[in-house]
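Here is the structure we will look at.
Heavy-atom basis, side chains included; hydrogens, waters and symmetry copies ignored. The sequence lines fix the lettering, A, B, ..., with proteins before strands; numbering per chain opens at 1.
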Amino acid sequence: MAEFVEADNAEAIIARIETKSRKIESLLKQYKHVEALKTALEGSPPKTRDERCKSANWIVVHRAIMAIKDIDGMLNALDAEYYDILMKYLYRGLSTGDRPTCDQCLKIHEKLTERAGLGCILRCLTDTLNTV
Amino acid sequence: MTGTRKLQPLIYFEEIVHLGNLALRFMLYVWSLEAGEWVPTLVILRLNRAALCVQWSPKENKFAVGSGAKTVCICYYEQENNWWVSKLIRKRHESSVTSVAWHPNNILLATTSTDGKCRVFSTFIKGVDTKDSKAASPAETKFGEQILQLDLSYSWAFGVKWSPTGNTLAYVGHSSMIYFVDDVGPSPLAQSVAFRDLPLRDVLFISEKMVIGVGYDSNPMVFASDDTGIWSFIRYIGEKKAASSNSSYSSQFSEAFGKFYGSQSKSATANDASESRGGVHDNCINSIVSLSKAGSPKVMRFSTSGLDGKIAIWDLENMEQELGNQV
């Protein structure tokens, strides 16, 4: 059901991520944190096995996550369809072990769990096909 | 572990005993009531792994057993030799078969497996089933033929059931998802519904458009399909409102979350000394069984059993009062 993108297409994906990254920088400068996060989460390449693509996208999402100051406001503005993918990135953040990243991810995790419920966490844990 | 099913009107009663490690020593008995006494008949299933689920067919002339050996046994009674014969569906399953369900036509069988897929097979047996003039395709008259495979879930699949007319299939995935497939056939309409809380283990159609799911939240959930055919979560039975964020965690969760969030947590963990989610069951509900007459289009009474060792009978006649009577 999932088509995995082969390595030679990875270049195209990474190029797309670069473009996205520039867009996100400009959004952050305008203090549009929620837009930035949405852009980062959109088009996440879960259906590729290529680690470079995943890492490239993670860097972009990480940037957007760390820039968030008002977590409640962000979650209010974020549509429910993004909850599952955001949760996956939060777990990736928590796995880095880096103190500021973990602090931020933990804060968002608490709020996101309140909103999205334990089912969201379950979906992240059980989905071994589409990883970030 | 034993699984028991009681059926009317033939009053067959069935028990499977399987011991996980001693794979040689498992048996399946068909019990029949003779002169007021229950008499068991041993059925040789030819399996080398545990039996996980069993269901009688609608006409009660066959039963299906799903096993950890990645096979499904279909057993039927051979009058001449006075014993039960088993035929195995060996193909297709890549992992344990967790649940089986019969279509009302007595031929199609849906299975779910820990490989995440839901499949529909034909169990047509010459001499037991007669060729229906309106059978859909030649595939349906070949035993063990796979009619359909559904790839909707990434994780283990459980609890498949057909709707009363056989038009719709529902099954659950371990990722807190429930899947509905309308118009099962060459062009099915699949819907995946994600929900907030812990995964389900079993489902029951109480009408063509309403499904009750039971699972790790110890509280049955109601799903319904609206006029446009979209399925969604409606409510819990036995809980008046959707839980607010703080009251939804039992004390165990509160402690765990307290450790997780450490100094960052605020009032979220301060309350809920002993509040548990479900009123009736304290632990995961494993199965849900209809108590209404078999084949009736609406189910008004059903029973649930769970890991807490309780069996509860639920009556939907007084749905507003959200009754659950413990047995």
Does [X] [atom1] have over 12 foreign heavy atoms under 6.0 Å away?
X: B:Lys209; atom1: NZ; answer: yes
X: B:Lys117; atom1: NZ; answer: yes
X: A:Trp58; atom1: CH2; answer: yes

**Report entry** From B:Ser175 atom OG to A:Ile121 atom CD1, the distance as rounded to the nearest 0.5 Å
**Finding:** 14.0 Å

Query raised in the report: Could you state the interatomic distance from CG (A:Leu118) to OH (B:Tyr216), rounded to the nearest 0.5 Å?
Result: 14.0 Å

**Report entry** Nearest heavy atoms of A:Arg123 and B:Ser176, plus distance in Å
**Finding:** NH1-O, 2.8 Å

Query raised in the report: Which heavy atom of B:His174 sits nearest a heavy atom of A:Thr126, and at what distance?
Result: O-CG2, 3.8 Å

